[in-house]
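All values reported here derive from a predicted model rather than from experimental measurement. When reading the values below, keep in mind they use all heavy atoms of this one structure, side chains included, and skip hydrogens, waters and symmetry mates. The sequence lines fix the lettering, A, B, ..., with proteins before strands; numbering per chain opens at 1.
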Number of protein chains: 2
Amino acid sequence: MANPTAKRRIVLLGATGSIGESTLRVVAAHSDRLELVGIAAQSNHARLAEIARQFNVRHVAIHDETACTAARASSAFPAGTKIHGGIAGLTELATLPEADIVLIAVVGIAGLAPALAALAAKKDLALASKELLVLAGKFVMAAARTSGSRLLPVDSEHNAVFQCLEGCRTSDVRRIVLTASGGAFRDWPLEKLARATVADALKHPNWAMGPKITVDSATLANKGLELIEAQWLFGLRAEQCDAVLHAQSIVHCLVEFTDGSMLTQLCPPSMTFPIQHALLYPARASQPTAPALDVGRPFALDFRPVDEQRYPCLRLAKESMRAGGTAPAVFNAANEVAVAAFLAGRVQFLAIPRIIEHTLATVKLIEPTALDQVLAVDAEARRVAQHFPA
Amino acid sequence: MANPTAKRRIVLLGATGSIGESTLRVVAAHSDRLELVGIAAQSNHARLAEIARQFNVRHVAIHDETACTAARASSAFPAGTKIHGGIAGLTELATLPEADIVLIAVVGIAGLAPALAALAAKKDLALASKELLVLAGKFVMAAARTSGSRLLPVDSEHNAVFQCLEGCRTSDVRRIVLTASGGAFRDWPLEKLARATVADALKHPNWAMGPKITVDSATLANKGLELIEAQWLFGLRAEQCDAVLHAQSIVHCLVEFTDGSMLTQLCPPSMTFPIQHALLYPARASQPTAPALDVGRPFALDFRPVDEQRYPCLRLAKESMRAGGTAPAVFNAANEVAVAAFLAGRVQFLAIPRIIEHTLATVKLIEPTALDQVLAVDAEARRVAQHFPA
């Protein structure tokens, strides 16, 4: 464990994505307390080289082997940089002896093996990749319990719940309600949704994110995945996890206790808030990285229930959460395939929930006892989703 | 200390007032975990007798000696009721060997001696009387530190801050912002305020309370007193305590941490929420006494800065808080005299801040080293305020 007065040493898997870039801002703003010791990405080695120079990082991993070979041949990295390749390379980074905490912000399940390795090596884990808990919550939570590592959520909603539950007992929680902006189509007439284009879906009202998660925000599939994550992270029952529409994305959760009291966490919609909380926990940053909410000016916070007619993907996510076992993995795989097809122009926006519903109804539900079973179900769900007659 | 599986045994000083009545609802709703062992009031012995019968309370105290004599002569109390009289009687109740926690909900400084006695007897203290901390914060906090007793705030705002700070370090707090409904005149044209009547001032938008505190809500003097209380309770500097207008009285505080993250506590405006929290702490009630916030229906939360032109009493309270020493006691005494004069029809609404300002400017500020000094300043401030040429 780190000396509390020493810098927290961070391995960042997914350094070139949106979360990665926010993390770099946080590390730069708090360089007296945070230090990058390893960075990894799928393939963007040019950007990795820039980051390695700027933050003086010695260990780099590149998932894509071709990109890794190109990186090793280039002269862009500082002399002495160790370049690791493939999933094995990501795993080497996640278990670096000098690392205190590993932030998993890679897309998809590429982060799973490194995350489990980091836990086995007793590293703290900051989690930004949804798939890890949605697919492998059972195994990741068991590994965290065994190692005694901290599991620090980086999603703004889960980080908010984590902050609200500080010093509280989970048995006192009646339920948690995650907030959802409602995405690009929150205020569209329902009958217009069939004609929604990719460009329409990518107009998120509050957050600047990648295309997959922006579409997931428009369908609320993203919120569904977050409910499943929350269930694992906080040890709740499916019926204790719900969502509410909140247009401003300032309140990130509502935690309702059995006595009727609620706690909420507020901050402007910038990922730097949850990232700095996770990286510095249990300490807090002495100043925000992005401007904090200004209560010196009027502001309003609006909440309304989710209409599951408008957002069938949320209903399907909740159904998969209640079904348990491999159902959330099937939901996730079918959604990924459906969103990719929508982004590629192959299916209409309203086909997304139909593809998920079909796949959930088709793939056999099991209670997995090993990770391989989940990965096999994931592959099977992708095959079923891909063959849906759009 | 109480056996955690046994009932929490409560002494309630101020059983017949607004907080007292809410407390009785809480005790009745959670009779498996809470038990009244002593009740006290200023003079309303008929109501005390009803409560004693309903809750099977053995110890009763009556502050007013005449009322006490009448009570002893009446046959309204159950046989075997022990009736204590005067401040000495209240103090006897506050130190009952069988009591675990003493709730101080009496008006004015009558609760001070019993509160200090309860702390000396290592009872936990639930605090609803503002004056204790405003006048004697230094002495009450020192007594609580010495005894190791818990000081549990019952005001909705302070209880909210207490909940938000659970598991947090005060050094991580940038500031706390208490919410204020803005009272009866929130939306009045400023030029109309000079003609505000008592009936106007008593129309509180959200809370049903006594006349003094309802006027204090219309002037925000109440919020000023709460800022002073908060400073003591949470060990903050004056500049860390502020207020914001929040029309709905659902969010009771905003706690801003150094990293820009905020925690807030929400519940409908019913005193049963903070009372049950304080009485059951660190456990939580298994169900609310009053209905919780329904997130299944749309709701809005609005915030705007306090206009100190409209609310000069808040400015004066903050000035007294920054001045420290006996200044808050002077603010409180002058405000009490001014509000009583307004309620009696002797002065206009806008005279309230003028009386306070005059008194603060007139009474000499000292840093008290003994309670007697504060009480002398309190008496002096009342004299000065009473002689203000209205």
Open item on the list: Once rounded to the nearest 0.5 Å, what's the spacing between atom CG of A:Leu233 and atom OG1 of A:Thr170?
Closed with: 11.0 Å
- [ ] Could you tell me the separation between the CG atom of A:Asp172 and the OG atom of B:Ser286, rounded to the nearest 0.5 Å?
- [x]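 With rounding to 0.5 Å, CG (A:Asp172) is 10.0 Å from OG (B:Ser286).
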Part of [X] within contact of chain B (heavy atom distance under 4.5 Å):
X: A:Gln276; result: side chain
X: A:Pro282; result: backbone
X: A:Ser261; result: both
X: A:Ala283; result: both
X: A:Val244; result: side chain
X: A:Leu245; result: neither

Tell me whether [X] is salt-bridged to [Y], with the criterion being a basic N under 4.0 Å from an acidic carboxylate O.
X: B:Glu226; Y: B:Lys130; result: yes
X: B:Asp100; Y: B:Arg9; result: yes
X: B:Lys318; Y: B:Glu308; result: yes
X: B:Glu319; Y: B:Arg315; result: yes
X: A:Arg174; Y: A:Asp259; result: no

- [ ] Find the one option among A:Ala292, A:Pro298, A:Gly167 whose heavy-atom pairs under 4.5 Å with chain B are most numerous.
- [x] A:Pro298
- [ ] Give the member of A:His252, A:His246, A:Glu166 that has the highest number of heavy-atom pairs under 4.5 Å with chain B.
- [x]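 That would be A:Glu166.
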TODO: Take the angle between the ring planes of B:Phe299 and A:Phe303 and call it parallel below 30°, perpendicular above 60°, tilted in between.
DONE: parallel
Checking heavy atoms, do the side chain of [X], its backbone, both or neither come under 4.5 Å from chain A?
X: B:Thr264; answer: both
X: B:Arg297; answer: backbone
X: B:Leu165; answer: neither

Option in [options] with maximal non-hydrogen atom pairs under 4.5 Å from chain A:
options: B:Ile250, B:Asp242, B:Leu263, B:Val295; answer: B:Leu263
options: B:Leu254, B:Val255, B:Asn159, B:Asp302; answer: B:Asp302
options: B:Arg169, B:His277, B:His30; answer: B:Arg169
options: B:Cys164, B:Ala290, B:Pro274, B:Gly260; answer: B:Gly260

Task: Sole candidate of B:Leu34, B:Leu125, B:Leu12, B:Leu279 that passes side-chain contact (heavy atoms from CB on, under 4.5 Å) when paired with B:Ile101 - done: B:Leu279
- [ ] Carefully, step by step, assess B:Tyr281 and B:Phe162 under the rule ring pair (Phe, Tyr, Trp, His ring centres under 6.0 Å).
- [x] CA-CA 11 Å; B:Tyr281 181 84; B:Phe162 187 92; 5.1 Å; yes
